[in-house]
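Below is one structure, written out as structure tokens; comments come after it.
Below, all heavy atoms of this structure are taken into account, side chains as well, without hydrogens, waters or symmetry copies. Because the structure is predicted, anything quoted here is derived from the model rather than measured.
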Amino acid sequence: MLTVTGLIKRYGARAALDGFDLTARPGEIVGLVGRNGAGKTTFVDVVTGLVRPDAGQVTVAGVDALRDRRAVRRLVGVAPQDQALYLPATVREHLRLFGSLAGLRAGALRAAIEATAEELLLTDVLDQQVGRLSGGQRRRTQAACALLPAPAVLLLDEPTVGADPTTRRALLAAVLARAAAGASVVYTTHYLPELADLAATLAVADAGRVIARGSQAELLAGLPAEVSVGFGDGVPPVRVNTFDPAATLAAVLSDGRQPESVDIHRPGLDDLYRSLEGLTSHAA
């Protein structure tokens with residue numbers, strides 16, 4: 001279980017984290033979303049010990065992460081936003097290194113390497129240098145380093161940025177498997193459909209704190225869709241915000257006119273962010 005309470009991290013006058021609270025229970029996938037600069041990556045850096053906060057608490061599986069960084073390293077697996085791989089080393093060497101750091105030895109380490117490589121479609125490239133791999137293979141290698149030790153807490157920061165569909169499917173399947181085995185997962189992304197595929201709960205970050213938490217359905221339920229109907233001939237399209245797109249579309253077309261185009265925009269992350277603006281104004 002991961003529990004983060006009251007994290008504060010300032011760089012001069014700027015607060016990267018300003019009272020950041022987040023909990024991820026065993027078996028739960030938390031989708032951490034927010035615009036750039038919301039504090040998501042700084043949160044990951046604090047939990048993994050790369051950055052020391054000015055205030056706050058971090059507990060990982062009952063261990064005080066700010067006091068006992070060595071113990072926490074064996075409890076947390078992290079795939080950072082930027083690729084952090086050794087290009088001359090092979091995939092197998094990467095997995096052996098990260099597995100060893102997590103305490104795996106001998107047969108257990110070899111078995112974990114083979115299983116993780118198969119899971120993330122890396123078996124055929126285990127002995128290739130990372131510098132010779134495709135972008136998708138590198139993404140899977142970085143994720144494999146985090147997943148291999150079966151950590152209690154898994155932090156994935158934009159793990160599918162630029163990934164091909166094969167990489168995306170393999171990564172999402174692996175994340176679901178780790179959560180099913182009891183890991184607490186925090187998954188940061190700007191891509192809402194991925195979080196739907198993961199059945200993740202959402203935590204919305206803004207200005208260095210979490211300002212909303214709930215399921216995707218709960219957080220988007222109060223936001224309207226937009227129905228846009230175009231009729232051509234230079235006539236501006238009809239646009240209506242509505243909670244019942246089907247009924248609205250029927251009403252717009254009730255006069256018998258034939259539409260040239262119909263578009264229904266369902267609420268997404270940008271709409272959610274806009275609806276929550278102002279909740280952090282007190283932090284200014």
Side-chain angles (χ1 to χ4, degrees), residues 1-3 24-30 44-50 58-133 136-157 159-160 163 167 169-188 198:
M1 182 170 179
L2 172 66
T3 303
R25 298 181 297 273
E28 181 183 20
I29 300 174
V30 177
V44 172
D45 289 345
V46 169
V47 174
T48 55
L50 295 177
V58 179
T59 303
V60 177
V63 176
D64 186 334
L66 303 181
R67 290 180 177 271
D68 195 345
R69 294 188 182 188
R70 180 172 297 180
V72 166
R73 289 192 189 104
R74 296 193 176 193
L75 296 171
V76 176
V78 58
Q81 182 175 354
D82 296 323
Q83 289 189 22
L85 301 170
Y86 304 98
L87 300 186
T90 67
V91 175
R92 190 186 302 276
E93 288 168 340
H94 277 83
L95 298 182
R96 187 181 295 128
L97 170 63
F98 284 91
S100 298
L101 291 174
L104 296 178
R105 298 289 184 270
L109 178 57
R110 289 192 296 272
I113 289 173
E114 297 299 328
T116 305
E118 181 177 358
E119 183 179 33
L120 289 175
L121 311 178
L122 292 168
T123 301
D124 292 341
V125 297
L126 266 175
D127 295 307
Q128 287 190 29
Q129 290 180 318
V130 166
R132 297 180 178 274
L133 301 181
Q137 290 167 335
R138 292 186 192 186
R139 277 287 172 195
R140 296 200 299 275
T141 298
Q142 178 148 298
C145 293
L147 294 166
L148 180 138
V153 171
L154 188 57
L155 305 176
L156 303 172
D157 193 2
T160 61
T167 294
R169 286 193 297 271
L171 284 172
L172 295 186
V175 171
L176 284 168
R178 292 306 185 278
S184 303
V185 181
V186 179
Y187 189 104
T188 75
L198 292 170

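- Here the side chain of Q128 pairs no donor or acceptor atom with the backbone of V91 at under 3.5 angstrom.
- Between the E118 side chain and the T123 main chain, no donor and acceptor come within less than 3.5 Å of each other.
- In this structure, V47 and A65 approach most closely via the heavy-atom pair O-CB, 4.5 Å.
- Summarising the local packing, CD of Q129 is surrounded by more than 12 heavy atoms from other residues, nucleotides or ligands at distances under 6.0 Å.
- T3 contributes no side-chain N or O that, together with a main-chain N or O of T59, makes up a donor-acceptor pair within less than 3.5 Å.
- Among all heavy-atom pairs drawn from L122 and Q137, the shortest one is CD2-O, 3.8 Å.
- Side-chain atoms of H94 do not come within 3.5 Å of backbone N or O of Q142 as any donor-acceptor pair.
- Partner of L155 under the side chain to side chain contact (heavy atoms under 4.5 Å, CB included) criterion, chosen from V44, V185, T188: V44.
- Side chain of R140 to main chain of A117: no donor-acceptor pair is present (N/O by atom type, distance under 3.5 Å, no hydrogens or angles).
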One pair to check against side-chain contact (heavy atoms from CB on, under 4.5 Å): V153 and L75. What are the steps and the verdict?
CA-CA 6 Å; V153 171; L75 296 171; over 6 Å; no
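- No donor-acceptor pair closer than 3.5 Å links the side chain of T116 to the backbone N or O of I113.
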Mind running side-chain contact (heavy atoms from CB on, under 4.5 Å) on R110 and R92 for me, showing each step along the way?
CA-CA 10 Å; R110 289 192 296 272; R92 190 186 302 276; over 6 Å; no
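- Closest of all the heavy-atom pairs between A183 and P151 is CB-O, 3.6 Å.
- The closest donor-acceptor contact from the side chain of R73 to the backbone of A102 lies at 3.5 Å or more, if one exists at all.
- There is no side-chain donor-acceptor pair under 3.5 Å between D127 and T90.
- In this structure a side-chain-to-backbone donor-acceptor pair under 3.5 Å is present from R69 to G49.
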